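Numbers restart at 1 for each chain; the letters A, B, ... are given by sequence-line order, proteins then strands. Predicted model, so just to flag it, every value in this text is computed and none were measured.
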Amino acid sequence: MNGFVEPIVGRYVHVEISGETNRIYFEENGSGIPLLCLHTAGSDARQWRHLLVDEEFTKNFRVIAFDMPWHGKSYPPESQYGSEYRLTTASYTATICAFCKALKLERPVVMGCSIGGRIVLNLAIEHAREFRALIGLEAADFQQPWYDTAWLNRPDVHGGEVCAALVSGLIAPNGPEAARNETLWGYKQGGPGIFKGDLYFYRVDGDLRGRTSAIDVNQCPLYLLTGEYDFSCTPEDTLRTAASIPGAKATVMERLGHFPMSENPAQFRRYLAPVLQDILDKQNS
Amino acid sequence: MEFDRGQSSDPPVSFSPDAVVAGFRAIPELLAHDAALIARGRWLDVDCLLGPSTRPFHVAIRAGQIVDMAAAPVLMRSWRFAYRATPAAFAAYWQAMPPPGWHDLLALTKRGQATLEGDLHPFMAHLQYFKDLLALPRRNGFGGAS
């Protein structure tokens with residue numbers, strides 16, 4: 001396979017978010033229905049690299065994944081260097097909507113994982129008409145914290161090491177070792193305080209309890225998929241959330257944890273394929 | 001929508017308390033043969049209390065190697081932090097394919113099967129080391145295939 005060039009294309013797009021231009025890195029492959037993929041807290045869009053080269057999916061979907069500002073190859077906004085990074089429900093929602101507008105995506109499907117899964121619920125609450133379907137991975141309206149995020153950004157603990165070590169337990173045992181290592185590498189490479197800043201949204205600002213009942217899946221279908229080994233957003237958290245949303249489709253995924261798309265891509269696609277087929281069938285009916 | 005595998009507090013595998021203690025006693029020998037794990041802990045010097053909540057051990061670690069392990073209590077011996085889990089938790093954690101929610105040290109604390117006490121800095125600064133150290137009996141096939 002020496003010399004094999006993957007079909008993924010990476011580019012930068014200038015996106016105005018809350019009055020400031022952000023230079024955002026994104027990758028894409030495929031054609032058809034836009035499928036926008038949101039990475040987890042403290043990581044970046046490389047988590048979607050397997051989906052981006054999936055020949056079956058990219059026949060019908062234009063798969064797009066972008067690095068959030070402050071993450072991966074997207075720098076922080078110029079005005080915010082030196083300030084503490086804190087993701088909020090409003091800023092996260094504004095970023096997604098601005099990115100879709102900048103790329104002129106027509107009613108895309110949005111699939112997010114972890115914080116991406118949580119924000120998908122907010123998109124369903126506030127912006128349902130703008131999306132064709134929404135897919136929340138490891139998504140719930142709220143979940144109980146299981147560690148103090150202060151450990152994630154302090155000078156006497158290596159940030160990359162502790163971030164990766166914390167999330168390592170969220171990966172299901174006995175998945176592919178290389179995929180596990182790649183998933184954790186993203187956490188080792190995050191900027192200082194970025195994982196913690198993302199979790200401000202997850203822990204403090206993004207509590208959606210009591211709001212999800214406003215979701216109307218007739219406007220926009222909603223699919224929730226959670227790995228059985230995810231003890232952060234547990235299957236029970238997802239099923240409780242789904243129970244509050246009439247018509248939402250929830251699935252517990254076996255032998256998967258909190259990072260299904262990157263920790264075990266082959267196992268994940270078994271669960272994703274019927275969801276994407278359902279979206280295609282709705283499109284064609 | 002029923003799904004209760006993750007929340008049950010019942011022991012998910014059968015075990016004997018003595019076998020769990022024996023499994024824990026094997027950790028220093030297993031570590032001695034794991035150069036990569038010793039290297040991961042090369043900056044770690046700490047005295048801590050680890051093991052089954054019913055029969056924990058004082059563990060002295062120097063440069064990532066266990067240089068002493070003694071059954072608690074030892075008269076007037078101090079420790080910086082303690083990670084203690086129920087024997088059922090260790091038995092589950094050591095399965096080749098641990099059950100969901102029993103597969104990680106912090107999953108066990110979240111479900112109330114383990115406690116973490118004291119000065120947590122050495123534990124958190126070397127978190128992956130301790131996760132891998134306490135998982136070593138998994139390699140011995142504790143409890144057989146799960």
Short side-chain to backbone donor-acceptor contact, Y229(A) and P98(B), under 3.5 Å: yes

Checking an interface table here. Which of residues 192-212 of chain A come within a heavy-atom distance under 4.5 Å of chain B?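 So far as heavy atoms go, nothing in residues 192-212 of chain A approaches chain B to under 4.5 Å.
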
So which residues of residues 155-178 of chain A are in contact with chain B at a heavy-atom cut-off of under 4.5 Å?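 At a heavy-atom separation under 4.5 Å, chain B is reached by D156(A), V157(A), E161(A), V162(A), A164(A), A165(A), L166(A), S168(A), G169(A), I171(A), P173(A), N174(A).
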
Distance (rounded to the nearest 0.5 Å) between W151(A) CH2 and F123(B) CZ: 10.0 Å

Evaluate W146(A) against T109(B) for side chain to side chain contact (heavy atoms under 4.5 Å, CB included), listing each step before the verdict. CA-CA 8 Å; W146(A) 50 282; T109(B) 62; over 6 Å; no

At a heavy-atom separation under 4.5 Å, does R240(A) approach chain B through its side chain, its backbone, both, or neither? neither

Counting heavy-atom pairs under 4.5 Å with chain A, which one of H103(B), Q128(B), K110(B) comes out on top?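 With the most close heavy-atom pairs to chain A, the winner is H103(B).
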
As an exercise: rank L105(B), L116(B), L127(B), D132(B) by heavy-atom pairs under 4.5 Å with chain A and give me the winner.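 Ranked by heavy-atom pairs under 4.5 Å with chain A, first place is L127(B).
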
Contact class of [X] relative to chain A, heavy atoms under 4.5 angstrom:
| X | result |
| --- | --- |
| R40(B) | side chain |
| L120(B) | both |
| H121(B) | both |

Heavy atoms from other residues, nucleotides or ligands near CZ of R62(B) exceed 12 (cutoff 6.0 Å): yes

